[in-house]
Amino acid sequence: MSQQYIIICYSTSQMLRADSLLKAMDVETDLIPTPSEHGTICSTAIAIGEKDKGKAEKILAEGNFAVKGIFPHKTRKLSGLMESLKNCVISQTFKDIMKKVESGEDLTKDEITYLLKVEGESELKALFETADRMRKEIVGDIVEVRAAIEFSNYCNKSCHYCGIRNGCTVPTRYRMTEDEIMEGVHELHRVGIKTVVLQSGEDDYYTLEVLIKLIKRIKRETKMGITLSVGERSYEEYKALKEAGANNYLLKIETTNPDIFKFIHPDDDLEYRRQCAQWLKELGYVNASGNMIGLPGQRAEDIAEDILFYKEMGIHMIGIGPFIPAAGTPFEKYPQGSVEMTLKAVAVTRLVCKNVFIPATTALASVDPDGQKKALQAGANSLMLISTPPKYRSNYQIYSNKNMIDLDSAVKAIHDAGRKLPKYLKLDNNQQEE
Ligand code: 5AD
């Protein structure tokens with residue numbers, strides 16, 4: 001592949017203007033997470049080919065675009081990796097793949113699949129340790145902490161795996177009012193959380209108007225970053241929500257295998273889901289996706305495709321969790337996804353996508369009390385608290401026995417994993433000493 005260059009801008013809106021100007025002048029561009037050496041991963045950079053570098057500089061200069069800079073896009077290497085693996089009992093194929101990781105070469109689908117199929121204890125250890133090194137190299141030791149308010153469990157979709165699907169008997173359906181949501185937002189603001197995730201089922205009650213009013217109020221009263229996770233919407237709606245102030249959007253692809261996607265989503269279409277991801281990217285959202293591990297019929301090859309999708313789509317944040325059978329759903333008797341496979345997927349995603357945020361998911365914590373710690377040691381770098389008010393929480397059982405991640409359990413996972421708390425958290429003394 002020829003050398004790529006990346007253009008780093010001062011703001012998302014400037015980046016979007018620069019991108020459309022370049023595109024209009026026939027420069028081929030790609031939007032990717034900002035490499036961590038140039039800024040925060042949770043922002044977007046414009047990638048261009050070497051052949052267009054001069055042209056792009058000219059266009060930006062003529063358009064009076066002051067950008068932060070245009071830099072060669074270096075793929076991240078892991079120097080010293082082979083040396084560190086020299087005493088490990090690993091196969092020749094594993095070694096060859098690790099050599100590519102060391103020198104920063106892209107892995108093929110076959111190589112990704114090979115890593116996902118690794119089973120021996122020493123190879124697993126080598127895989128997790130390598131992903132952990134890559135995580136340290138890219139994002140360092142601080143674990144980002146975000147918090148979700150699940151503000152409505154009404155949903156008009158019937159995804160077969162989901163415990164709040166339409167048609168599922170949920171103890172109580174609830175909708176939080178704007179004031180109730182704001183109360184939760186202020187509480188998070190008080191403890192120093194910087195980004196709130198607003199999640200719900202696909203609930204038409206929260207019209208564009210209602211959501212925009214809420215977003216503006218959160219910005220006005222707290223200036224917090226806002227992640228929306230309210231499902232599939234139209235381009236126009238995504239655009240209006242972005243303009244109102246939403247920063248990030250979480251819409252998981254769940255699986256890129258068309259047959260499995262259809263089998264688990266009676267109301268959805270994989271192509272539309274991909275289209276949504278593309279729109280979110282073009283609109284300048286920090287784009288969060290993810291998949292489930294252990295879906296019916298899913299093979300390592302399918303997970304490899306999911307990982308390649310994240311890379312090609314320039315996804316910023318990737319949440320990977322085991323499938324967990326939810327009581328009362330058509331999938332309640334299906335076997336649970338494996339923790340080990342989930343951890344392998346986390347590790348390989350870190351090695352392939354490198355410059356991304358990977359949360360240690362709530363689903364992992366729900367099936368293994370040490371699940372989040374293990375994920376943090378296998379490539380993950382963030383945690384999401386569940387900050388839905390206690391009186392509603394138990395009704396947001398997207399899967400059975402969903403664990404409640406509060407600040408204390410997050411602090412514990414971070415300490416257990418030997419990692420650092422973010423400075424912005426305002427903890428009381430007990431929590432800091434833990
Ligand atoms: N098992 C595991 N994860 C699930 N999710 C929903 N239902 C389940 C389940 N039964 C995950 C999906 C969804 C996110 C909100 O929760 O990945 O995107």
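For ligands, and for the atoms within them, numbers begin at 1 and follow the listed sequence.
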For Lys252, atoms of ligand 1 separated by under 4.0 Å from a heavy atom: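 Ligand 1 atoms under the 4.0 Å threshold to Lys252: 17 (O), 18 (O).
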
Please say which of Val230, Thr227, Ile218 ends up in a side chain to side chain contact (heavy atoms under 4.5 Å, CB included) with Leu198.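 It is Ile218; the other options fail the test.
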
Please tell me whether [X] and [Y] have a donor and an acceptor in their side chains that are separated by less than 3.5 angstrom.
X	Y	answer
Arg350	Asn381	yes
Asp306	Asn291	yes
His316	Thr34	no

If you have a sec, work out which protein heavy atom is nearest [atom] and how many Å separate them, to one decimal?
atom	value
atom 14 (C) of ligand 1	Ile398 CD1, 4.2 Å
atom 3 (N) of ligand 1	Met292 SD, 3.4 Å
atom 8 (C) of ligand 1	Tyr399 CD2, 3.5 Å

For Lys95, all residues meeting salt bridge (Lys or Arg N to Asp or Glu O under 4.0 Å), sequence neighbours excluded: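 Salt bridge (Lys or Arg N to Asp or Glu O under 4.0 Å) list for Lys95, sorted by chain: empty.
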
Compute the shortest N/O to N/O distance between Tyr161 and ligand 1 and return yes if it is under 3.5 Å, no if not.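 By distance alone, the answer is yes.
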
If you measure every N/O of Ile324 against every N/O of ligand 1, is any gap under 3.5 Å? yes

Check if Pro322 has a non-hydrogen atom at a distance under 4.0 Å from any atom of ligand 1. yes

Out of Glu254, His160, Gln336, the nearest non-hydrogen contact to atom 12 (C) of ligand 1 is supplied by Glu254

Any pair counted as salt bridge (charged side-chain N to carboxylate O under 4.0 Å, His left out), so long as it reaches residues 149-160, sequence neighbours left out: Glu150-Lys402, Lys157-Glu202, Lys157-Glu232, Lys157-Asp268

